[in-house]
Amino acid sequence: MIPEERLEQITQRFQYLEAAMADGVSGGEIAALAKEYSDLKPVVDQIMAWRQLVGDLAEAQAMLTDPDMKELAEEEIPDLQSRIPQAEHALQLALLPRDAADARPAMLEIRPGTGGDEAALFAGDLLRMYQRYSEARGWQFEIIEEQASDLGGIKEVVAHIKGDNVFARMKYESGVHRVQRVPETESGGRIHTSAATVAVLPEAVDVDIQVDANDIRIDTMRSSGAGGQHVNTTNSAVRITHLPTGLVVTSSEKSQHRNREIAMQVLKTRLYDLERQRIDSERSADRASQVGSGDRSERIRTYNFPQGRMTDHRINMTLYKLDQVMQGDLDEVIDALTADDQARLLAEMAQ
């Protein structure tokens with residue numbers, strides 16, 4: 001049972017925010033109040049819905065003593081009793097602590113793992129899968145750094161994804177993705193196992209990470225173009241090295257100014273991710289589940305092409321619709337991962 005005192009604190013805070021915004025506040029303060037108000041509104045809506053059902057049940061039970069109303073009450077009570085647990089569960093989910101980064105854009109990084117050329121080709125397949133998923137959700141997908149392999153695969157790619165709740169949906173994709181199939185490079189028809197690593201990082205903002213100018217080294221390099229008129233003869237590519245951590249980021253757009261901007265954003269995002277992982281490790285050193293923690297060292301998913309199946313090993317979920325998955329149909333597995341993460345959080349709150 002959810003403590004009534006906690007629910008009352010939330011509703012009183014919501015009413016205060018509503019009144020404060022109605023009275024008018026300064027420009028800087030209104031943004032903070034509006035953000036908190038929008039975060040609390042779905043919680044308060046669930047509180048009101050649950051309270052309404054509990055109140056309706058109490059009224060119906062009171063009507064049992066009235067001969068004229070008893071029959072109606074007996075009809076209503078079973079329905080209300082069945083709906084209240086559902087409303088309470090929805091309220092518990094609404095009260096779960098939210099990842100502050102969930103609503104943010106994300107940086108997606110894909111690199112081939114074991115498997116040589118086939119791993120690079122699979123990395124390219126994953127890139128197209130996430131592009132299609134982003135298109136289906138109406139997100140903006142921009143590739144900001146890409147190195148292609150000789151056979152048309154991907155050596156490394158960094159993409160920027162913008163839209164509603166990007167990190168909340170994409171964060172479960174971080175990890176080692178394994179593929180089992182007959183490679184295009186295999187003449188004997190044998191099934192090979194290869195892998196690619198996916199990292200999804202919440203985009204950092206300036207208030208998260210401040211980078212000291214003395215901690216970075218910026219080098220300019222000649223960009224490698226596509227040949228012909230596209231060859232860039234100026235030193236426009238930018239490489240930034242973060243000296244304390246050794247992190248290195250590059251950007252190779254045509255504009256050197258734009259490259260500095262992109263490289264600094266990627267650097268801040270990676271530093272922010274390192275800090276999030278450090279905090280998460282300190283807080284959850286003994287946590288068995290890696291769902292939602294951003295751990296990228298373990299195999300999370302297998303794509304088996306001969307059998308047409310995709311298996312997510314974190315939740316033991318297997319879907320026999322690999323073609324649709326590779327076309328970006330990821331909602332079913334992401335919804336299941338989200339539900340599993342919520343169940344874990346609910347169990348932790350109950351302890």
Side-chain angles (χ1 to χ4, degrees), residues 89 93 96 99 102 106 108-137 139 141 153-154 157 159 161 165-186 189-200 284 287-348:
H89 181 68
L93 292 180
L96 286 177
D99 187 333
D102 273 355
L108 169 70
E109 301 180 358
I110 306 174
R111 296 176 180 85
T114 56
D117 290 333
E118 166 63 4
L121 290 170
F122 178 52
D125 292 338
L126 291 177
L127 172 63
R128 286 182 286 275
M129 179 180 75
Y130 293 127
Q131 283 178 305
R132 289 163 183 153
Y133 182 62
S134 297
E135 289 169 6
R137 296 195 69 86
W139 295 340
F141 191 100
I154 296 294
V157 65
I161 311 175
N165 295 316
V166 171
F167 186 67
R169 301 294 292 174
M170 289 291 293
K171 63 185 177 182
Y172 302 108
E173 296 303 298
S174 288
V176 176
H177 295 240
R178 184 177 70 169
V179 62
Q180 295 172 327
R181 65 185 177 187
V182 178
E184 296 177 18
T185 54
E186 169 60 53
R190 293 173 299 178
I191 295 173
H192 286 224
T193 298
S194 304
T197 301
V198 173
V200 180
S284 312
R287 184 190 302 166
S289 170
Q290 291 298 325
V291 174
S293 72
D295 187 282
R296 293 182 290 279
S297 63
E298 299 295 332
R299 180 192 70 197
I300 64 165
R301 195 175 292 160
T302 295
Y303 304 75
N304 186 297
F305 278 74
Q307 297 179 17
R309 66 172 167 84
M310 183 227 69
T311 298
D312 194 288
H313 304 288
R314 295 164 292 182
I315 54 176
N316 296 319
M317 179 183 192
T318 296
L319 299 176
Y320 286 92
K321 55 175 203 176
L322 184 56
D323 287 346
Q324 295 98 306
V325 168
M326 298 309 296
Q327 290 297 319
D329 186 2
L330 291 169
D331 275 332
E332 186 173 353
V333 66
I334 290 177
D335 287 343
L337 287 161
T338 302
D340 184 75
D341 198 26
Q342 290 172 339
R344 177 182 58 78
L345 288 170
L346 286 172
E348 288 179 358

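Here, residue 1 is the first one in the sequence, and each next residue gets the next number.
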Handout entry: Partner residues of D312 under the salt bridge (charged side-chain N to carboxylate O under 4.0 Å, His left out) criterion, sequence neighbours left out
Key = R301, R314
Exercise for the section: Search all heavy atoms of A119 against all heavy atoms of A195 and return the closest pair with its distance. Expected result: CB-O, 3.4 Å
Exercise for the section: Flag the pair L108 / F141 as yes when at least one side-chain heavy-atom distance between them is below 4.5 Å, and no otherwise. Expected result: yes
Handout entry: For D335, side chain to side chain contact (heavy atoms under 4.5 Å, CB included) partners two or more places apart
Key = R169, D331
Fill in the blank from the handout: By side chain to side chain contact (heavy atoms under 4.5 Å, CB included), A136 pairs with (sequence neighbours left out) none
Problem - Interatomic spacing from CG in L127 to CZ in R132 - rounded to 0.5 Å - result: 9.5 Å
Exercise for the section: Starting from the C-alpha separation in whole Å, work towards a yes-or-no answer on side chain to side chain contact (heavy atoms under 4.5 Å, CB included) for Y172 and V200. Expected result: CA-CA 8 Å; Y172 302 108; V200 180; over 6 Å; no
Completion exercise
Between the CG atom in D329 and the CG atom in L322, the distance rounded to the nearest 0.5 Å is 11.0 Å
Exercise for the section: State, without any angle test, whether R178 and T302 hold a side-chain donor-acceptor pair at a distance under 3.5 Å. Expected result: yes
Exercise for the section: Not counting sequence neighbours, list each pair that qualifies as a ring-ring contact (aromatic ring centres under 6.0 Å, His included) and has a residue in residues 302-322. Expected result: F122-Y303, H177-Y303
Practice task
For the residue pair E173 and I300, establish whether any side-chain heavy-atom pair is separated by less than 4.5 Å.
Solution key: no
Problem - Sequence-distant partners of N304, side chain to side chain contact (heavy atoms under 4.5 Å, CB included), two or more places apart - result: Q180, P306, Q307, R309
Completion exercise
CG (L345) and CG (D341) are apart, to the nearest 0.5 Å, by 5.0 Å
Handout entry: Minimum side-chain heavy-atom gap E332-M317 below 4.5 Å
Key = yes
Fill in the blank from the handout: To the nearest 0.5 Å, atom CD of Q327 lies from atom CE of M129 at 11.0 Å
Exercise for the section: Taking side chain to side chain contact (heavy atoms under 4.5 Å, CB included) as the test, write out the residues that go with A123, two or more places apart. Expected result: I110, P112, I154, A196
Exercise for the section: Quick one: pull up CG in L330 and CE in M170 and give me the separation to the nearest 0.5 Å. Expected result: 8.0 Å
Problem - Distance, nearest 0.5 Å, that separates CE of M326 from CG of D125 - result: 5.0 Å
Handout entry: Minimum side-chain heavy-atom gap L346-H89 below 4.5 Å
Key = yes
